Number of protein chains: 2
Amino acid sequence: MIDDPWQRRRLLDAFPFLRATPEAFRAELFAQVALVRLPVGQLICHDGAHCTQLPLVLTGTGRVYKLGENGREITLYRVHPGESCVVTTSCILSGRAFPAFAVCESAVEAVVVRPAEVRRWMATSEPWREYIFGLIASRLQEVFGVLDAVLFQRLDQRLMAYLLGLRETVSGRGIHMTHQALAAELGSSREVISRVLKDMESQGLLRTTRGLIELLDIPALELRAREG
Amino acid sequence: MIDDPWQRRRLLDAFPFLRATPEAFRAELFAQVALVRLPVGQLICHDGAHCTQLPLVLTGTGRVYKLGENGREITLYRVHPGESCVVTTSCILSGRAFPAFAVCESAVEAVVVRPAEVRRWMATSEPWREYIFGLIASRLQEVFGVLDAVLFQRLDQRLMAYLLGLRETVSGRGIHMTHQALAAELGSSREVISRVLKDMESQGLLRTTRGLIELLDIPALELRAREG
DNA sequence: GTTGATTCAGTGACTTTGTCACCAAGCAAC
DNA sequence: GTTGCTTGGTGACAAAGTCACTGAATCAAC
């Protein structure tokens, strides 16, 4: 139950679609959900687990990834504020096991909904349905995109594209990330990432130091991320 | 509209969950849907297309696959009688583009539903919702499984597992399939499939002739499909 | 500061997989 | 037969993953 008006306000701000719902629905929502805080690194769900609640993220981000038996991993998508892990939803609604891992990438505040309410609101609330379906579709597309990248794109291009994408979100010139973390992002291994980065460095495209990557020639990187 | 009692019967037989719906719902369904027949090889949906109807398959199978710019492809899943392409559903419900290709693998008879009805029934019919969610969850798991296989499993093991899986569905000792078709199934290339098969042949695990693969040592194949 | 542990990165040898170019065998139509 | 198409085979190479090991940077404790 959430009764603090300020917390209610935060929830509505993070999930704007709720403002389009009837007063009664919001009242029920406030009554039925709970606020949780999870620390960085907290495992939310492991491969094969059965989900018992749906988290709606207020702050922080979750990371959903696949883990191979050899220890390699790949990020499938992230759950940002205003979103929810819809794979969890589909598992709840169908009673299946969750097919991946989910972990708190930063400290997460979330509102958790029980399966019974998830199901009920699918039946009673049009905006809720729209919200959930929008998320399902966008996750599906993300996962399909990952599959496409893994199968059909060269690693150096994927890496360049990823670094360029980060640059837009991170302030400052450098990207603070280890080779291991990059490998886990892209589903590769540390050694290979190191090699590819070294190669790019030798071509003057970027500079690397322990835990930091500085992009030097961004136009060239953008060009080569698109086509060999 | 479907008014032939025999066709109505076939529809109910293929989609047993419909028997759990009220008479009125089934009447509306029969009134709103149309029966279509599609020939083998008919392209149902291409990458980036916007779906305008949801097909419920009565007979035949559809194949959903990703195609890379280099021409390589990989099968994501198949749509069998009694199923539907729920990625299409999610595209319809969210207005997004379809992120893959879909083609008729055999002649397909399907009942097509318009987006308006797909949406409306999600609101009004509990069994319809259950059906759709069950499918979404199982597709998600299939696609996650493909990703897992591509990233973390060796090709020879995937190939053995696939051949063993086929053996259960196909009568007779041999599997009639070209190396090219196997490559498209697993997201590899013909040359590599040829090499791997040749290798297995040299180890006495199977025998290949043009368009035909005969599994010889099934216990050994089963063993090696599990672990190197 | 120095020491030691820990994390992070680099390297070489090797395997697996994908790509390219080209050729050969099987099959069908004429 | 000959011609043409489909299917499969091969070798050389490139890209990526694996393994074992080394070295370098960082940090905490002393």
Side-chain angles (χ1 to χ4, degrees), chain A residues 41 66-74 146-160 162-163 174-203 206-214 224-225 227-228, chain B residues 41 66-74 146-160 162-163 174-203 206-214 224-225 227-228:
Chain A
K66 263 284 186 193
L67 190 61
E69 58 284 335
N70 41 12
R72 243 162 83 212
E73 57 182 82
I74 185 167
V146 169
L147 190 56
D148 192 289
V150 166
L151 263 173
F152 304 127
Q153 273 156 244
R154 294 172 45 109
L155 185 62
D156 52 358
Q157 293 182 18
R158 290 208 288 144
L159 182 53
M160 291 184 203
Y162 182 76
L163 293 174
I175 294 164
H176 286 273
M177 213 169 161
T178 67
H179 298 185
Q180 180 61 62
L182 285 167
E185 234 8 79
L186 302 176
S188 178
S189 67
R190 183 189 59 77
E191 298 93 316
V192 175
I193 296 289
S194 285
R195 271 206 290 262
V196 174
L197 282 174
K198 198 109 249 265
D199 217 57
M200 293 182 194
E201 188 166 18
S202 77
Q203 294 174 49
L206 46 77
R207 197 158 26 140
T208 70
T209 49
R210 188 186 168 91
L212 180 72
I213 297 167
E214 286 174 284
R224 310 214 3 209
E227 21 109 33
Chain B
K66 262 284 186 192
L67 190 60
E69 57 285 334
N70 41 12
R72 245 162 80 212
E73 58 182 84
I74 186 167
V146 169
L147 191 55
D148 193 288
V150 165
L151 263 174
F152 304 128
Q153 273 156 244
R154 293 173 45 111
L155 186 61
D156 52 357
Q157 292 183 19
R158 289 208 289 144
L159 181 54
M160 289 184 205
Y162 182 76
L163 291 174
I175 293 162
H176 287 274
M177 211 169 161
T178 66
H179 298 185
Q180 179 61 60
L182 285 167
E185 230 16 74
L186 302 176
S188 179
S189 67
R190 182 190 58 79
E191 297 93 316
V192 175
I193 296 291
S194 285
R195 270 204 295 259
V196 174
L197 283 175
K198 199 108 247 266
D199 217 56
M200 294 181 194
E201 188 166 18
S202 77
Q203 294 174 49
L206 45 78
R207 196 156 28 138
T208 68
T209 48
R210 187 187 170 92
L212 180 73
I213 298 167
E214 285 175 285
R224 311 218 358 215
E227 20 110 35

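Note that this is a predicted model, so its numbers are computed, not measured. Both backbone and side-chain heavy atoms feed into the values below; hydrogens, waters and symmetry mates do not. Residue numbering restarts at 1 for every chain, and letters A, B, ... go by the order of the sequence lines.
- Rounded to an integer number of Å, the gap from B:Leu151 CG to C:dT16 P is 18 Å.
- A close approach under 4.0 Å does occur between a side-chain nitrogen or oxygen of A:Ser194 and OP1 or OP2 of C:dG10.
- Evaluation of the side-chain contact (heavy atoms from CB on, under 4.5 Å) rule for B:Gln153 yields B:Asp148, B:Ala149, B:Arg158 as partners, not counting sequence neighbours.
- Here A:Ser189 lies in heavy-atom contact (under 4.0 Å) with a base.
- Residues that satisfy the side-chain contact (heavy atoms from CB on, under 4.5 Å) test with B:Arg190, not counting sequence neighbours, are B:His179, B:Gln180, B:Ser194.
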Between N or O atoms, less than 3.5 Å apart, protein on one side and nucleotides 21-26 of chain D on the other: list the pairs.
residue: D:dA25; atom: N3; partner: A:Arg210; partner atom: NH1; Å: 3.4

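- A:Glu191 pairs by the side chain to side chain donor-acceptor pair (under 3.5 Å) definition with nothing, not counting sequence neighbours.
- Side-chain atoms of B:Arg224 never come within 3.5 Å of backbone atoms of B:Asp156 as a donor-acceptor pair (strictly under, hydrogens ignored).
- One finds a side-chain N or O of B:Ser188 lying less than 4.0 angstrom from the OP1 or OP2 phosphate oxygen of C:dG18.
- Phosphate proximity of C:dG18 to B:Asn70: absent, as no side-chain N or O sits under 4.0 Å from OP1 or OP2.
- With sequence neighbours excluded, the residues satisfying salt bridge (Lys or Arg N to Asp or Glu O under 4.0 Å) with B:Glu214 are B:Arg207.
- Proximity of A:His179 to the phosphate of C:dC8: no side-chain N or O atom is located under 4.0 Å from OP1 or OP2.
- Between the CG atom of B:Leu212 and the P atom of D:dT7 there is a distance of 14 Å, given to the nearest Å.
- Atoms CZ (B:Arg195) and P (D:dG11) sit 10 Å apart, rounded to a whole Å.
- Partners of A:Arg210 by side-chain contact (heavy atoms from CB on, under 4.5 Å), not counting sequence neighbours: none found.
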